[in-house]
Amino acid sequence: MAAQACVLSLPTIVQELAASGVQEPPRQYVRRPACVRLDAAVDMPEPIPDVDLTRLSTDADEAAKLRTALQTWGLFTVTGHGIEDSLMENVMKASRGFFHQPLEEKQKCSNLKDGKHFQVEGYGSDQVKFQDQKMDWSDRLHLKVEPESERNFANWPTKPESFRDVLLEYASRIKVIKHAILAAMARILELDEDHFLSQFGEKAPVTVRINHYVPCARPDVVLGFKPHSDDGVLATLLVDNDLVALQVLRDGIWYNVPTTPNTILINIGDFMEIMSNGMFKSPVHRVVANVEKERTSLAMFYGLDAEKVIEPASDQLNQPAQYKKLKTKDYMAGFYKHFARGTRVIDSIKII
Ligand SMILES: O=C(O)CCC(=O)C(=O)O
Ligand SMILES: [Fe+2]
């Protein structure tokens with residue numbers, strides 16, 4: 001394990017650290033002295049809006065509910081998507097099952113190629129980009145699902161055996177949600193119904209990030225997932241238990257976001273905030289650690305073709321542009337740098 005002392009190149013697997021029985025998290029996980037508990041938050045004053053997809057295109061009340069969700073929390077749950085509970089249970093079972101395997105098996109999908117060169121796709125922790133970077137108390141498996149031509153099964157787990165098929169099945173079924181929601185968002189802004197859907201391009205990526213959070217004796221000083229907003233147009237989230245762990249920031253206050261198994265939570269991403277000229281906000285969120293229980297979540301991100309220009313629909317909305325336009329690949333180049341520092345690319349392209 002001597003190589004793991006070099007924090008910059010080889011971050012530790014948190015699951016291994018926790019299994020070794022450490023009580024005090026190592027320095028690189030500790031974010032600040034415990035004057036403010038990092039896991040502190042208040043409950044949301046109202047339930048997260050729940051949008052019924054079967055009524056979205058015909059019922060004005062349902063569309064109004066979506067509009068409110070988009071302009072307040074940037075988060076909502078969806079029903080009426082037709083995805084069976086059994087499929088959601090199976091994809092979460094396979095996801096959790098992956099993390100419950102011996103390290104050796106998981107390392108077959110390591111995101112450190114040749115044991116040292118970091119790539120986004122694969123199993124491990126996030127890239128350490130600079131000295132003193134604070135690390136999250138979680139491990140993750142990151143995979144590219146689309147475009148199909150860029151699916152690299154060499155990075156995918158072969159165990160649990162069901163993993164590949166169930167994930168692909170879930171990814172193909174969940175597309176209906178993206179379509180229904182993006183068409184409804186365009187209608188809400190009185191844009192052409194395919195305004196957002198037409199932005200994706202042929203090589204638009206769909207990526208999956210499966211997060212595994214193990215218990216930590218000091219949830220007051222570490223975070224399971226640092227504050228961030230998601231890249232991409234939107235993200236869907238599925239969880240394996242009802243632990244209160246996800247929090248969203250609004251007007252400087254952290255709110256607990258209740259999440260339950262078999263319920264799909266939608267999260268607006270930065271690209272949508274830009275394209276909607278700030279009408280729809282991409283929420284800053286984080287995940288707090290828990291003393292007793294582990295948790296697994298599966299987030300699916302819908303991005304745009306790397307060559308596409310992300311730009312506000314300011315002309316169509318008759319508004320001055322609030323964000324500079326930029327190519328998706330330039331946004332992504334800045335994303336991981338900002339992500340590591342806990343800052344947001346979107347803040348750097350706002351027109352003040
Ligand atoms: O685990 C969660 O609840 C959220 C995960 C998340 O925000 C992400 O993967 O981007
Ligand atoms: Fe996120």
Side-chain angles (χ1 to χ4, degrees), residues 14-15 38-39 41 44 48 73-77 88 91-92 95-96 98-99 111 120-127 135-145 167 170-171 174 205-216 219 222-250 254-273 280-290 293-303 331-332 335-336 338-346:
V14 175
Q15 205 176 357
L38 278 173
D39 50 350
M44 290 169 94
I48 312 181
W73 301 102
L75 291 169
F76 52 97
T77 54
M88 295 190 268
V91 77
M92 290 317 295
S95 302
R96 206 173 41 237
F98 169 77
F99 284 96
N111 59 10
V120 174
E121 199 169 24
Y123 160 74
S125 52
D126 289 325
Q127 186 174 22
M135 301 302 291
D136 293 339
W137 195 258
S138 59
D139 303 315
R140 46 72 157 187
L141 173 65
H142 208 289
L143 300 172
K144 192 173 220 180
V145 178
L167 182 58
Y170 176 69
I174 202 167
V206 177
T207 53
V208 165
R209 180 176 163 125
I210 303 172
N211 305 291
H212 187 67
Y213 307 93
V214 285
C216 180
V222 307
L223 281 175
F225 201 141
K226 65 178 83 57
H228 67 285
S229 57
D230 294 336
D231 61 289
V233 178
L234 53 82
T236 60
L237 187 81
L238 206 52
V239 296
D240 69 332
N241 64 21
D242 55 10
L243 207 62
V244 179
L246 177 64
Q247 300 182 343
V248 65
L249 186 66
R250 188 167 163 198
W254 285 106
Y255 292 90
N256 290 319
V257 180
T259 50
T260 42
N262 304 343
T263 303
I264 296 172
L265 183 81
I266 312 279
N267 197 346
I268 297 307
D270 289 353
F271 297 1
M272 177 53 85
E273 178 169 330
F280 304 147
K281 298 283 184 226
S282 160
V284 173
H285 52 286
R286 69 181 186 183
V287 178
V288 296
N290 188 275
K293 284 195 180 165
E294 66 170 35
R295 175 177 184 265
T296 305
S297 69
L298 185 157
M300 198 165 278
F301 304 94
Y302 294 92
Y331 181 98
M332 292 313 297
F335 180 78
Y336 288 106
H338 278 270
F339 184 71
R341 289 192 185 276
T343 54
R344 301 173 73 201
V345 189
I346 197 162

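Nothing here was measured: the structure is a model prediction, and the numbers come from that model. Counting convention: from 1, in listed order, for ligands and their atoms alike.
Side chain of R286 to backbone of L38: a donor-acceptor contact under 3.5 angstrom is found. Side-chain N or O atoms of W137 include none that pairs as donor or acceptor with a backbone N or O of V288 at under 3.5 Å. Between the D136 side chain and the S138 main chain, no donor and acceptor come within less than 3.5 Å of each other. With hydrogens and angles disregarded, a donor-acceptor distance shorter than 3.5 Å links the side chain of D139 to the backbone of V14.
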- [ ] Starting from the C-alpha separation in whole Å, work towards a yes-or-no answer on salt bridge (Lys or Arg N to Asp or Glu O under 4.0 Å) for K293 and D240.
- [x] CA-CA 11 Å; K293 284 195 180 165; D240 69 332; over 6 Å; no
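For a heavy-atom separation below 4.0 Å, the residues in contact with ligand 1 are R209, N211, Y213, F225, H228, D230, L237, L246, H285, V287, R295, S297, A299, F301.
Residues passing the ring pair (Phe, Tyr, Trp, His ring centres under 6.0 Å) test with H228 are F225, H285, F339, sequence neighbours excluded. Residues meeting the side-chain hydrogen bond (donor to acceptor under 3.5 Å, both in side chains) test with D39, sequence neighbours left out: R37.
Using a 30° and 60° split on the angle between ring planes, H212 and F99 fall in the parallel class, below 30°.
Tally of protein N, O or S atoms closer to the Fe ion (ligand 2) than 2.8 Å: 3.
Taken from OH in Y336 to CG in D231, the straight-line distance is 5.5 Å, to the nearest 0.5 Å.
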